[in-house]
Chemist: 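The structure that follows is given in the form of C-alpha cells.
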Amino acid sequence: MTAENECSEDTGNLLHRLRSVAQDCIVKHSYISAQFFADKAASLSSFAPKDTFLLARTYFLTGQYARAAFLLSSHGLVDRFPSCRCLATQCHVAVKAWDQAMTVVGDGNESSSGETSAQAADDAPGGPDSGYTNVAAMLALLRGKIHEALDNRSEAVRWYKSALALDGTCVEALQRLAAHGVGGGGGAIAALLPATPPDHALAPLYAATLPRPPATVPSDGPAVLPATLQDNAEVQASVATQHYNDGNLRACYSITAKILDADPFHHACLPTHLACQVGLRDTNGLFYLAHKLVDSHPDNPIAWYAVACYYHLVGQHDGARKYFGRASQLDIHCGPAWLGLGHSFAAQGEHDQALAAYCTAARLMSGCHVPLLHLGMEYAAASNARMAQQHLTRAHALCPHDPAVIHETGVIAYKTGRFKDAAKFFRKALRLSKDKMADYDTVGTTLCNLARAQLKLGQYDDAIACYHKALALDPRVAAVHTGLAYAHHCMGQLQAAIASYHKALGLRADDTFSAQMLALALSELAAAPAVDPADNVSIFGPGDLEISVDAAAGE
C-alpha cells in the first residue's frame, strides 16, 4: 500500500469519525460540540453536500439561522436538494423573513411529483436527502405557513391540504387546518389523508385530538380509542374544548384543571382553561396562574393573555387592554388575545374598536363560534339588529347547542318586537343551560330576560315565577327585585310591589327607577287607580341584569 493510499484511507476514517461524532452530539443535544465536529468534517471533505448540510443543521440548532441559510445558498445546495431548500426556508421562517422564505421555497408551480423526482435524481448515496422522506410535504407545509403569515389564508389552507395529502403523518398541517375550521370528525379528516391504509388508520386518533363538530359528535370520550389513549392529555383537551364551545364551563374546567395538574406546561389547553376561569369568576386561581406563567414564560403570549384575563375579570379594563395588546404583539395571530381585546373595548362602550378586534378574532379563529357570537352581541348593543342576526346565525351554524347563542338570538327577537319568539328562545337557552350546568350569572340573566318577554305578553304570573327562580340563584341582585316588584305592580298587587321595591332600594340606594315606581305605588295604594306602565319596560342588555325604563332613566 502506497503512502498516498494510506493517507487517503486515514482521511476517510477521520471523516467518518467526525461525521459519526457530530451526529451523536446532535442526538445528545450537545449542539455546540456537534457544530465543532461538523465544521471539521465539512472542511476535510471540501464541503461535500452531505457535510455542508450537516454543518447547516448545527447552525440551525444553535440559532444561527442567517448563517445556516447563507451556507446552503453559497454552496449551491438550495436548488439541488429539496432537504436543503427545506432547511433554508425554515431558517428564514424562524426569523420571520417571509418574503425571503417564499423566494427560497418557491411559489409551488413545480408539482410535488417534480420535487420528489428531483430529490431522487440528486440523492446520490450519502447525499443530503439520504434518510429524509416526504420532503415535498414539508415544503408544502412551509408554503402554507408563509402564506398564513402573509394573511393569504385561502392559499395557506390549500397548501396545508397538499401537505397532508402527501404525508398523512404531517400533524402540524392537520392542526393548522383545524384552526381554520377545516376538518373535524373522522370522516372529514380521512378525506384529507392519503389513500393508503396506514394513513387512514390514523384518522380516529386525529379526530379524537381535534375539536369536533358540536352538531354531530357528543362531548364525551371517543369510544374508538383504547382506554389508555382516551386518558391522553391532548384527547382530553379536545373534549374540554368541545364542552367550552357548548357552553358547559364547569365540565370544561374540571378537565383542563386535571390536565394542568398532571402537566403544568401543557400550554395547548391554557386558553380554554383561562376562558373558563373568567367565565366562572375564579379570581384567585386566575391571579395565581397568571403570575406563575409570567415568571416561567415571559416571552410567551399566553402568559400576558392570562394577566389580561385577570384585569378583565376584576374590571380594570385599561390594564386588560394593555396586556391583551401585548399578547397580540408577541403573536399577531393569537386569536384569543384579539377576542379579549374586543371584550375590553366593549366593556367601555367603544363599539367601533370592539367590532374591529372581534372581526380580527373571527378571521383568526375561523372554526370557532365565539368571535361571531360577540360580534352579534356588539352589533345588538349598537342597535344594528340586521347585522347582529347575521352573525348570530353564523355562530349558531357552528355551534347550535351553546345557550349563549340562543339567548342572544332571543335578545334580538325582543328588541325587534317579536316577544313570543323571544320567550321561545329564552326557554330553549334555559333548557340548554340546565343540561350543561351553566353558571348562575348566565341562568339568572336568561330568567330575567324571559320574565321581561312574559311581561310584554301579559303573562304576569309566569314572569313572577321566573323572578323567584332568579332570586333563588342569587337574592342580592337589586334589578331582580325591581323586576319582581314591577310585575306585581302591573297585576295591581301593590303591597307585594312596595315590599320588593324596598328590597331593591336596600340593595341599590341610587336606583332611580325603583324610587320613582315606589312613590307611584304608594300614591296608588293611598287613592289613585293603578296605571299600567308595561309598555315602558325594556329588556336587559346582553349579559346584563339591569332594568332600564326610558321615562324613568331620562334616556
Side-chain angles (χ1 to χ4, degrees), residues 245-247 249 279 339 342-343 345-347 349 351 354-355 358 362 369-434 436 438-459 462-463 466-467 469-470 473 477 479-480 482-483 486-487 513 534-550 553 555:
N245 288 338
D246 285 346
L249 300 185
L339 185 62
H343 293 341
F345 283 123
H351 298 301
L355 288 172
Y358 286 142
H369 76 289
V370 178
L372 295 172
L373 167 62
H374 287 283
L375 273 171
M377 294 171 65
E378 197 60 27
Y379 276 116
S383 301
N384 191 336
R386 184 179 63 85
M387 291 297 295
Q389 187 61 61
Q390 286 182 9
H391 286 90
L392 290 174
T393 300
R394 292 174 60 193
H396 184 267
L398 287 174
C399 189
H401 304 306
D402 186 352
V405 177
I406 307 300
H407 172 267
E408 295 304 324
T409 305
V411 171
I412 298 301
Y414 186 99
K415 289 188 173 183
T416 54
R418 296 178 289 118
F419 304 122
K420 288 185 178 179
D421 290 340
K424 180 185 71 174
F425 286 124
F426 291 141
R427 290 191 187 96
K428 183 177 179 180
L430 285 172
R431 288 196 299 271
L432 291 172
S433 298
K434 181 180 179 181
K436 301 177 187 305
D439 59 282
Y440 290 166
D441 287 345
T442 300
V443 176
T445 301
T446 308
L447 281 169
C448 290
N449 282 343
L450 174 59
R452 306 317 304 164
Q454 290 168 336
L455 279 176
K456 284 292 187 179
L457 295 171
Q459 300 170 358
D462 292 337
C466 285
Y467 281 128
K469 290 179 181 178
L473 296 176
V477 181
V480 181
T482 302
Y486 195 81
F513 173 66
D535 290 338
N536 289 330
V537 181
S538 63
I539 196 170
F540 304 130
D544 187 7
L545 283 178
E546 297 297 323
I547 298 177
S548 63
V549 177
D550 293 344
E555 296 177 348

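Only a predicted model underlies this, so the values are computations on that prediction, with no experimental measurement involved. Along the sequence shown, the residues carry numbers beginning at 1.
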Chemist: Checking side chain to side chain contact (heavy atoms under 4.5 Å, CB included) between Leu430 and each of Ile406, Asn449, Val443, which is the one that passes?
Modeler: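 In the set Ile406, Asn449, Val443, the residue that makes a side chain to side chain contact (heavy atoms under 4.5 Å, CB included) with Leu430 is Val443.
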Chemist: As an exercise, state the distance from NE2 of His369 to CG of Asp402, rounded to the nearest 0.5 Å.
Modeler: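 Here the rounded value is 3.5 Å.
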Chemist: Mind checking what makes side-chain hydrogen bond (donor to acceptor under 3.5 Å, both in side chains) contact with Gln389, not counting sequence neighbours?
Modeler: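 Applying side-chain hydrogen bond (donor to acceptor under 3.5 Å, both in side chains) to Gln389 gives Thr393.
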Chemist: For the NZ atom of Lys428 and the CG atom of Leu450, what is their distance to the nearest 0.5 Å?
Modeler: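 Nearest 0.5 Å value for the NZ-CG distance: 15.0 Å.
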Chemist: Which heavy-atom pair separates Leu339 from Pro371 by the least distance, and what is that distance?
Modeler: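 Here Leu339 and Pro371 meet closest at CD1-CA, 3.9 Å.
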Chemist: Check whether any side-chain heavy atom of His396 sits under 4.5 Å from a side-chain heavy atom of Thr409, and report yes or no.
Modeler: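 They are not in contact (no side-chain heavy atoms under 4.5 Å apart), so the answer is no.
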Chemist: How far does CG of Leu372 sit from SG of Cys399, to the nearest 0.5 angstrom?
Modeler: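 Leu372 CG to Cys399 SG: 11.0 Å, rounded to 0.5 Å.
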Chemist: Of the non-hydrogen atoms in Leu457 and Ala423, which two are nearest, and what is the gap between them?
Modeler: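 Heavy atoms only, the tightest pair is CD1-CB, 4.4 Å.
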Chemist: Please enumerate all residues that pass ring pair (Phe, Tyr, Trp, His ring centres under 6.0 Å) together with Phe425, with sequence neighbours excluded.
Modeler: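 Listed in chain order: nothing, the list is empty.
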Chemist: What residues, two or more places apart in sequence or in another chain, satisfy side-chain contact (heavy atoms from CB on, under 4.5 Å) together with Asn384?
Modeler: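 Per chain and number, Asn384 pairs via side-chain contact (heavy atoms from CB on, under 4.5 Å) with Tyr379, Arg386, Met387.
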Chemist: Restricting to non-hydrogen atoms, name the atom on Ala354 and the atom on Gly342 that form the minimum distance, rounded to 0.1 Å.
Modeler: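 Looks like CB-O, 3.6 Å.
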Chemist: Between Thr482 and Phe513, is any pair of side-chain heavy atoms under 4.5 Å apart?
Modeler: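 Yes - at least one pair of side-chain heavy atoms lies under 4.5 Å apart.
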Chemist: Between Ala422 and Tyr414, what is the shortest heavy-atom contact and its length?
Modeler: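 Scanning both residues completely, I find the closest heavy atoms to be CB-N, 3.7 Å.
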Chemist: Sequence neighbours left out, what passes salt bridge (Lys or Arg N to Asp or Glu O under 4.0 Å) with Arg394? Give chain and number order.
Modeler: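 In terms of salt bridge (Lys or Arg N to Asp or Glu O under 4.0 Å), with neighbours along the sequence ignored, Arg394 is linked to no residue.
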Chemist: Run the side-chain contact (heavy atoms from CB on, under 4.5 Å) test on Leu473 and Leu447 for me, step by step, so that the C-alpha distance in whole Å, both residues' side-chain angles and the decisive distance to 0.1 Å come before the verdict.
Modeler: CA-CA 10 Å; Leu473 296 176; Leu447 281 169; 3.9 Å; yes
Chemist: Rounded to the nearest 0.5 Å, how far apart are CG of Leu392 and NE2 of His407?
Modeler: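 Interatomic distance, Leu392 CG to His407 NE2, rounded to 0.5 Å: 11.0 Å.
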Chemist: Indicate the atoms forming the closest heavy-atom contact of Ile412 with Ala385, along with that distance.
Modeler: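 Distance-wise, the nearest heavy atoms are CG2-O, 4.2 Å.
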Chemist: Between Arg427 and Arg431, is any pair of side-chain heavy atoms under 4.5 Å apart?
Modeler: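 The answer is yes; the side chains approach within 4.5 Å.
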Chemist: Mind listing the closest non-hydrogen atom pair of Ala380 and Ala388 along with its distance?
Modeler: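 Minimum heavy-atom separation between Ala380 and Ala388: N-CB, 3.7 Å.
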Chemist: Who are the ring pair (Phe, Tyr, Trp, His ring centres under 6.0 Å) partners of His343, not counting sequence neighbours?
Modeler: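 So His343 forms a ring pair (Phe, Tyr, Trp, His ring centres under 6.0 Å) with His312, Tyr358, His374.
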Chemist: In Å, rounded to the nearest 0.5 Å, how long is the span from OH of Tyr467 to CG of Asp462?
Modeler: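 One finds 12.5 Å between OH of Tyr467 and CG of Asp462.
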Chemist: With sequence neighbours left out, what residues match Glu378 under side-chain hydrogen bond (donor to acceptor under 3.5 Å, both in side chains)?
Modeler: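 Partners of Glu378 by the side-chain hydrogen bond (donor to acceptor under 3.5 Å, both in side chains) criterion, ordered by chain and then number, come out as His351.
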